[in-house]
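Since we're looking at a predicted model, the values are computed, not measured.
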Amino acid sequence: MEDLLKYIVEGLIDTDDIKISKRTGHHSITLDLRIPQSEAGKVIGRNGRVVKAIRDVLGIVGARQNKRVHLEVNS
């Protein structure tokens, strides 16, 4: 799951300064994405469209594992 997120974000931003941490529960996974402030707009997108699409993809992958996936973007 972290590898998929890293692959998607690396394609969007111009730096390799990406940190991903993962917290798991019984039925959920929370991914914390840390990126530089200057690159946050590229990941969030206009009106949050890009980050919503990333969350949708991660949600589909999580559903196959019977997990709910939450993504938090911090810069």
If only atom types and distance count, is the side chain of K52 paired as donor or acceptor with the main-chain N or O of G45 below 3.5 Å? no
Heavy-atom closest pair (S75 atom, Q37 atom, distance to 0.1 Å) is OG-OE1, 2.9 Å
Gap between atom [atom2] of [Y] and atom [atom1] of [X] - 0.5 Å precision:
X   : Y   : atom1 : atom2 : result
N74 : S21 : CG    : OG    : 8.5 Å
D3  : E10 : CG    : CD    : 9.5 Å
E39 : I44 : CD    : CD1   : 11.5 Å

Apply salt bridge (charged side-chain N to carboxylate O under 4.0 Å, His left out) to E72 and R34, showing your working. CA-CA 9 Å; E72 297 177 5; R34 293 195 173 270; over 6 Å; no
Taking the side chain as everything from C-beta on, heavy atoms only, tell me whether H70 gets closer than 4.5 Å to L31. no
Is there side-chain contact between V69 and R55, with heavy atoms separated by less than 4.5 Å? no
Between D32 and T30, does a side chain to side chain contact (heavy atoms under 4.5 Å, CB included) hold up when you go through it step by step? CA-CA 7 Å; D32 183 32; T30 302; 5.7 Å; no
Kindly write out the residues that satisfy side-chain contact (heavy atoms from CB on, under 4.5 Å) with D17, not counting sequence neighbours, or none if the list is empty. T15, K19, P36
V9 meets the side-chain contact (heavy atoms from CB on, under 4.5 Å) criterion, sequence neighbours left out, with L5, I13, I18, L33, I35, V43
Do L58 and I20 land in one hydrophobic cluster if side-chain heavy atoms of ILVMFWY residues count as linked below 4.5 Å? yes
Determine, using the 4.5 Å side-chain heavy-atom cutoff (strictly less than), whether V51 and M1 are members of one ILVMFWY cluster. yes
Of L4, V73, L12, which is the lone residue that meets side-chain contact (heavy atoms from CB on, under 4.5 Å) with I54? L12
Given I29, which of Q65, R68, R23 fulfils the side-chain contact (heavy atoms from CB on, under 4.5 Å) condition? Q65
Under the salt bridge (charged side-chain N to carboxylate O under 4.0 Å, His left out) test, residues paired with D16 that sit two or more places apart: none
